[in-house]
**Q** 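To start, I am sharing the structure in question, which I have written as structure tokens.
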2 protein chains.
Amino acid sequence: MSSATPLKRRRGRPPKDQAGFSQTKAELIRSGMEVLTEKGYSATGIDEILRRVGVPKGSFYHYFKNKDAFGSELISNYAKFFEHKLDRSLGNRSLPPLKRLSAFMQDAIDGMARHQFKRGCLVGNLGQEMGALPESFRRQLIEVFETWQQRLEACLEEAKAAGDISSDTDCKQSAYLFWTGWEGAVLRAKLERTPNALQSYADFFINSLK
Amino acid sequence: MSSATPLKRRRGRPPKDQAGFSQTKAELIRSGMEVLTEKGYSATGIDEILRRVGVPKGSFYHYFKNKDAFGSELISNYAKFFEHKLDRSLGNRSLPPLKRLSAFMQDAIDGMARHQFKRGCLVGNLGQEMGALPESFRRQLIEVFETWQQRLEACLEEAKAAGDISSDTDCKQSAYLFWTGWEGAVLRAKLERTPNALQSYADFFINSLK
DNA sequence: GATTTTTATAGACGATCGGTCTAATATTTT
DNA sequence: AAAATATTAGACCGATCGTCTATAAAAATC
């Protein structure tokens, strides 16, 4: 909970110490991420995002052209964050490939648990909402999936090379399937507010590789 | 497309032929189903649902207490519709169990294709939106999943009895996993506007049973 | 068959909220 | 000190939700 900061904001041009970095913008992005992963895009008003961090509307429209542009930045931000996470986990050479995947999933489960399974995946949320979203989001979201898929594909190739999974596994296809099903599991975990779907899917997928 | 019906509606008490059945109410539900499977709950306004079928607001609030009650009825309606569909397909004794499942999936793929993959699954859509929905929807949605799961579980048990799948398969667990992953595939098909995710998942799941 | 009751349509209305835009303010730059 | 720039402040407009009253037409009642 990072609610209502009653902090009085200084108006006017800020001191020139922090080059290019804006505290306020960062707060808006974090706040937006929290709300959107929980409620999605359409159901979330800008006011709510602002209220949480005590930022007035003017600031929002200073940093972002409009809600759509904000959403787009959130996706980029989320993608970058996740990419690093995947590089660290799935690319962690100190663990055998499949263990890395299991560790990633367990990590995600713990993460969702920390928020009582109320927050889902931004990409999944927006994907489902596509019908009501600006068309430009589509390519962006598809590309995020592709990036994730590549990371996993590489990891699975390592597993194959190590003989941990069948040599005739189509790693690309498996990686594609993984993320497809994973999003389903996240959705259901959110609905049921339990780790069950995630846990089951984790076991299932790992098993399907053998 | 069942857009703007300029049809002039008869006011007043309707003729007493149709016991309990209301044409208007049915139209509202169908219209709502179309829009909600495409855009979700929060992104959809009542006005849009009404405009599509040329029904004035007064009628809406005559048939439904409010938007939430309407949404709840939509879920029930969808659940009932789907239940019958599952009974027909998964319970079709003239086909071997696994073929029934494949047929069901192919049918769903065709269905989504007919709408250019713009419409998803109502349950999946609302599930993802839970964070912004009335809490009462949660139980309703969970129960729908359970119903679907039971239907599939029974079908898988038949497959097991027939020796089509391994005798140590946990059919309940498999059925749970199926729907979890399936929702993920529907989501992704909607995002990518192609049958690819559905097709891949169909093959994958069937294969995982053997 | 005239009156009352019931069922349904019609749409105006107010409150609220989301998104945009202009004004005000405080720093930097010149 | 003046001009330019970066940021905050919040007024404003339009849309949306849900209510409420008026109207209409059929059924029920007597």
Side-chain angles (χ1 to χ4, degrees), chain A residues 4-29 31-32 35-36 39-74 129 132-134, chain B residues 4-29 31-32 35-36 39-74 129 132-134:
Chain A
T5 310
L7 167 138
K8 201 59 198 159
R9 288 170 187 278
R10 293 219 327 242
R11 303 180 80 149
R13 185 168 184 164
K16 181 59 193 265
D17 47 335
Q18 38 186 1
F21 174 79
S22 163
Q23 170 71 22
T24 301
K25 184 173 183 181
E27 282 177 39
L28 287 174
I29 287 180
S31 173
V35 188
L36 289 220
K39 315 201 325 178
Y41 186 83
S42 309
T44 304
I46 292 178
D47 278 336
E48 180 177 356
I49 295 169
L50 297 171
R51 209 176 326 117
R52 287 186 161 228
V53 283
V55 170
K57 237 174 203 176
S59 299
F60 183 91
Y61 283 94
H62 171 67
Y63 292 111
F64 308 99
K65 182 168 159 291
N66 53 30
K67 195 190 180 190
D68 287 356
F70 178 65
S72 180
E73 273 211 48
L74 280 190
E129 283 186 87
L133 264 39
Chain B
T5 310
L7 169 136
K8 203 59 198 161
R9 287 171 186 279
R10 292 223 324 246
R11 305 178 83 149
R13 186 169 182 166
K16 184 58 194 277
D17 47 335
Q18 36 184 3
F21 174 79
S22 162
Q23 169 71 22
T24 300
K25 184 174 183 181
E27 282 177 39
L28 287 174
I29 287 180
S31 173
V35 187
L36 289 218
K39 314 201 324 180
Y41 186 84
S42 309
T44 305
I46 292 178
D47 280 335
E48 180 178 355
I49 295 168
L50 296 171
R51 209 177 324 118
R52 287 188 160 228
V53 282
V55 170
K57 230 173 208 178
S59 298
F60 184 90
Y61 283 94
H62 171 65
Y63 290 111
F64 309 99
K65 182 168 160 291
N66 54 30
K67 194 189 179 190
D68 288 355
F70 178 65
S72 180
E73 274 212 46
L74 279 190
E129 283 186 86
L133 265 39

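Chain A is the first sequence line, chain B the second, and so forth, proteins listed ahead of strands; every chain is numbered from 1.
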**Q** Is A:S59 near enough to D:dT7 that one of its side-chain N or O atoms lies under 4.0 angstrom from OP1 or OP2?
**A** no

**Q** Nearest-Å distance, CD (B:Q23) to C1' (C:dT7)?
**A** 16 Å

**Q** Taking side chain as C-beta onward, heavy atoms only, is A:F64 less than 4.5 Å from A:I29?
**A** yes

**Q** Atom NZ of A:K25 and atom C1' of D:dT8: how far apart are they, to the nearest Å?
**A** 17 Å

**Q** Between A:S59 and A:T24, which heavy-atom pair has the shortest distance, and what is it?
**A** CB-CG2, 4.4 Å

**Q** Under 4.5 Å between any side-chain heavy atoms of A:F70 and A:I46, yes or no?
**A** no

**Q** Where do N or O atoms of nucleotides 18-21 of chain C meet protein N or O atoms at under 3.5 Å, pair by pair?
**A**
{"from": "C:dG18", "atom 1": "OP2", "to": "A:D47", "atom 2": "OD2", "distance (Å)": "3.1"}
{"from": "C:dG19", "atom 1": "OP1", "to": "A:K67", "atom 2": "NZ", "distance (Å)": "3.4"}
{"from": "C:dG19", "atom 1": "OP2", "to": "A:I46", "atom 2": "N", "distance (Å)": "3.3"}
{"from": "C:dG19", "atom 1": "N7", "to": "A:K57", "atom 2": "NZ", "distance (Å)": "2.2"}
{"from": "C:dG19", "atom 1": "O6", "to": "A:K57", "atom 2": "NZ", "distance (Å)": "2.8"}
{"from": "C:dT20", "atom 1": "OP2", "to": "A:Y61", "atom 2": "OH", "distance (Å)": "2.6"}

**Q** Expressed in angstrom and rounded to an integer, what is the separation of B:H62 atom NE2 from D:dG18 atom P?
**A** 18 Å

**Q** Check A:L36 against A:L74 and note the closest heavy-atom contact, atom names and distance.
**A** CD1-CD1, 3.7 Å

**Q** Over how many whole Å does the gap from B:F64 atom CZ to C:dT9 atom C1' extend?
**A** 15 Å

**Q** Which residue pairs pass the salt bridge (Lys or Arg N to Asp or Glu O under 4.0 Å) test when at least one of the two sits in residues 55-69 of chain A, sequence neighbours left out?
**A** A:D47-A:K57

**Q** Between the side chain of A:E129 and the main-chain N/O of A:G40, is any donor-acceptor distance below 3.5 Å?
**A** no

**Q** Taking only side-chain nitrogens and oxygens of B:T24, does any of them come within less than 4.0 Å of OP1 or OP2 of C:dT9?
**A** yes

**Q** Over how many whole Å does the gap from B:I49 atom CD1 to D:dG18 atom P extend?
**A** 11 Å

**Q** Can you measure B:L50 atom CG to C:dT9 atom P for me and round it to whole angstrom units?
**A** 11 Å

